[in-house]
Every structure is written in C-alpha cells, then in structure tokens.
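Along the sequence shown, the residues carry numbers beginning at 1.
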Amino acid sequence: MNNGLIALSPLVVFMVLYLVTSMIAGDFYKVPITVAFMLSSVYAISIFRQQPLKQRIETFSRGAGNSQMMLMIWIFVLAGAFASAAKAMGSIDSTVNLTLALLPSNMILAGLFIAACFISVSVGTSVGTIVALTPIAAGISSTTGASTELLVAVIVGGSFFGDNLSFISDTTIAATQTQQCKMSDKFRVNSMLVVPAAVIVLITYLFIGKDISSPQHIPEVSYMKVIPYLVVLLAAVLGMNVMAVLTLGIVLTGIIGIVAGAYDMFGWFGAMGEGIIGMGELIIITMMAGGMLELIKEAGGIDYLVDKMTHRISGKRGAELSIGALVSLVDVCTANNTVAILTVGGLVKRIGDRFGVDNRKCASILDTFSCVAQSLIPYGAQLLMASGLAYINPVGIMPYLYYPIVLGILAVIFIILRLPRKYS
C-alpha cells in the first residue's frame, strides 16, 4: 500500500470505529468517541515504524500538548467552570427567560441565528460565540421542548458566519496573508457568497421555526442574574480575548451568586469544579486528536494529500476546485481551519499564480472551505465545545448544520459558474 495512504489510515480507522460502527448500531452513543480516538491513536503509534517506539510516543505527545491544543484545553476548562457556576446561580434560566421575552413569537430559530452571526462577526471567533450562546440555546430547548441539537446547530452555524467573514478572524488573517491580498478585498469577495447563504438559511429557520413558540407563561426575569451573560456577550463583541472574557464571567458569577444567596463561596467553588470535570472528555479527545494528527503529519500524510490534489489541475475552474478540496481535506486531518490554511497557503498561492486565479478569490475559497470542513467534523473544537456545553453528542448536531451545508454547496456552484464574475 502507498506510504501516503498508510499515513492517513489512522483517520480512516477512527471514522470506521466511530461513525460507521455507530451508524450500523443505529446509536451514536454506543461507541464512545474517546474509545474510538484511543484505539485509532494506538493504531497510529503502532504502524509508523520508521521511528523507535519511544520517539513515536514523543511525537504523539508533542502533538497532544502543542500550544494550540493547550489553548483549546484552557478555554474548555474556563468555559466549563463559567457555564456550571452560571447554571448553579440561576443565570442561564434568567437569560433564557429574558431571551424568550425579547424574541418575537415563532422567531426563536431566526433570532438565535441572527444573534450568532452578529456576535461572531464582532468577535471574529466561532468558539467565543459558541461559548456565549450555547447554554442559552440549550436552556431555550428545555423550556420550549424544541430539539436541543437543532438549537445548538443554529448557534454553531451562525458562529461560522463570522469566523469566515470577520476582519479579526484568525482564518481571515491567515488566508489574506498567505495570498497577499487586502482583508477588505477578501471581505467583498466573501460577502457575495456568504450573505446569500445566510439569507437562504434565515428564511429556512423562519419556515421550520414557525411551530416553535415561546411558552405562554414566562417566569419573571431576575435581571441581576443575567448580568454575567450580558457582560460576557458585550466583552466578546468588544473583541476581548476569549479567556479573559470567561475569567470575567466566572468572577461575576461568584460575586452575584453569593450576593443573591444562590450559593456561598464553597458552593461557588463546587459548581466550578463540577463544570471543569464535565469538560474532561473534551480535553481527552482534544489531546488524543492532536497527537494522532501530529503522527499523520510527521509520517507524510498531509504532504501526500497535497501532492495528490494538485498534480492534475487544468484551468481556473479546476484550480479553484482543487484549492477548495485541498484545504478541506487538510482541515479534516488537522481539525483546525487556521492550521489548514497555513499548511496549504503557500502552495495555493503558487497554484493561483500559475493558473491566473485572482488572489482575492483564492483567499475567499481558502477561508470558506476550511470553515465548512471544520464545522462538519465531530472532533473539531467547535462541535466538541457546543456538545459539551449542551450535554449532547457532537454527531447529533451535524444533520442540523444548515448554514455550513448551504455555504459549501453555494461555494462549489460559484466556482462551477465562475461567480462572482468580477473576480473570476
């Protein structure tokens, strides 16, 4: 078997162990995702025999503990502590009641989607938006009886709107820097694609959400308990670092919760501890995914993908489709859209220059397809975070991710039809 295919085989083993087995069983809770990652990680360490076993384990550990993985883990820890402390003091219930009171009846889905789009554009990060809004979506689900997976998917989809479009998004910065174009130019190209996708999905939410109504009797809102979430949302919109936002939220839950008599200091500590422990599975998954993907990269799996995706390109349309497929596949292998863009960015620039593809469109394709791929993998940080905060399976969210699916379909159609004309 080709060495490149062998290098990618741990990812195939994971997919078979988790997705295929779960589909055969008809239950995505039958096979714990942690077990699937553990077995595929053991398989990855065992097959890459070019290095001594000790060195392979060191490579795995380096990937599991690299700076980006550790940053995600610290965000998981803080998010778990904040969400649990806020829930224990009644902040989530009060925020949900306020949201239900403010949103027009039968517009809960559309309202949440607009809120997620606005916040993600302002914040520039999908993870920050998911952290801020997922507990609210889960609370609304329990209050209205609507599907938790659907409501959480609305937030995840809206969060990628800004991740793809915002000027301060790391994917936007990476895409424009690697393709040597201005952010404003990339924004204009991107907006011609993402705005129609968002409008289509918004109309869809208006239609399918007409039967999801606010309860007739909404409990009285305790506005003081809403303050932690309002401050977190405002701080995120103002561009504060997500870890600083969560730390501020945790401090506020302590102060307000103790003043309101929801708990004492030890109760606050206990709530935070429960939240951190609740994130344990996500932390384990993140580390094992990082280690396994580092082994794949070290063994040449990423280089193999790049080579196979570029050796038969012909014409602008083929070049653009190859760029989209290339960054998508690398994202699937790295579970990080920014890393995927940085990994293939230099090669994409050469492909674009060789076949005359506009740099601005190259940047748009890079960013768009990486975000679409990232939003549809169950082991990506965004779905893991959303599922962890809502206490659901990440795979259960995937069928309801209308915005990423529509965006991906439109992106392919735009390439085939040579749209937008000005940049094609």
Within the structure provided, determine whether [X] and [Y] are in side-chain contact (heavy-atom separation under 4.5 Å).
X      : Y      : value
Leu165 : Thr172 : no
Thr178 : Lys349 : no
Asn393 : Ile33  : no
Ser375 : Leu383 : no
Ile405 : Leu376 : yes
Met288 : Met38  : yes
Asn190 : Thr368 : yes
Leu202 : Cys117 : no

How close do [X] and [Y] get, heavy atom to heavy atom, and via which atoms?
X      : Y      : value
Ala319 : Ile351 : CB-CG2, 3.9 Å
Gly396 : Pro399 : O-CD, 3.4 Å
Gly162 : Ser120 : N-OG, 2.9 Å
Ala83  : Leu389 : CB-CD2, 3.8 Å
Tyr229 : Phe82  : CE2-CE2, 3.7 Å
Tyr263 : Ala88  : CE2-CB, 3.8 Å

Find the distance between [atom1] ([X]) and [atom2] ([Y]) and round it off to the nearest 0.5 Å.
X      : Y      : atom1 : atom2 : value
Met385 : Thr286 : CE    : OG1   : 8.5 Å
Ile276 : Ile283 : CD1   : CD1   : 8.5 Å
Ile323 : Lys316 : CD1   : NZ    : 11.5 Å
Ile108 : Ser141 : CD1   : OG    : 10.0 Å
Asn336 : Ile377 : CG    : CD1   : 9.0 Å
Ser147 : Ile208 : OG    : CD1   : 10.0 Å

Flag the pair [X] and [Y] as a salt bridge only when some basic side-chain nitrogen lies within less than 4.0 angstrom of an acidic carboxylate oxygen.
X      : Y      : result
Arg418 : Glu320 : yes
Arg188 : Asp185 : yes
Arg62  : Glu298 : yes

Within 6.0 angstrom of Lys210 NZ, more than 12 heavy atoms from elsewhere: yes
From CA spacing to verdict: side-chain contact (heavy atoms from CB on, under 4.5 Å), Val372, Ser328: CA-CA 8 Å; Val372 169; Ser328 298; over 6 Å; no
Kindly say whether [Y] contributes a backbone atom to a donor-acceptor pair with the side chain of [X] at under 3.5 angstrom?
X      : Y      : answer
Tyr402 : Tyr205 : no
Ser46  : Tyr43  : yes
Thr21  : Val16  : yes
Ser9   : Val12  : no
Ser94  : Lys225 : no
Lys87  : Pro135 : no
Asp353 : Arg350 : no
Asp331 : Gln374 : yes
Thr171 : Asp163 : yes
Ser169 : Asn164 : no

Pair Thr338, Asp170: side-chain N/O donor-acceptor within cut-off below 3.5 Å: yes
Pair Ser159-Ser126, side-chain donor/acceptor within less than 3.5 Å: no
Candidate pair Met243 and Leu71, rule side-chain contact (heavy atoms from CB on, under 4.5 Å), full reasoning: CA-CA 9 Å; Met243 293 180 71; Leu71 178 61; 3.4 Å; yes
Candidate pair Tyr391 and Thr148, rule side chain to side chain donor-acceptor pair (under 3.5 Å), full reasoning: CA-CA 9 Å; Tyr391 302 101; Thr148 303; over 6 Å; no
Worked verdict on Leu112 versus Leu133 for side-chain contact (heavy atoms from CB on, under 4.5 Å): CA-CA 8 Å; Leu112 285 175; Leu133 292 181; 5.7 Å; no
Full working for side-chain contact (heavy atoms from CB on, under 4.5 Å) between Leu78 and Ile250: CA-CA 8 Å; Leu78 291 172; Ile250 290 170; 3.9 Å; yes
Tyr379 and Phe14 aromatic ring geometry - parallel, tilted or perpendicular at 30°/60° bounds: perpendicular
Option from Thr176, Asn359, Asp367 for which side chain to side chain donor-acceptor pair (under 3.5 Å) with Lys186 holds: Asp367
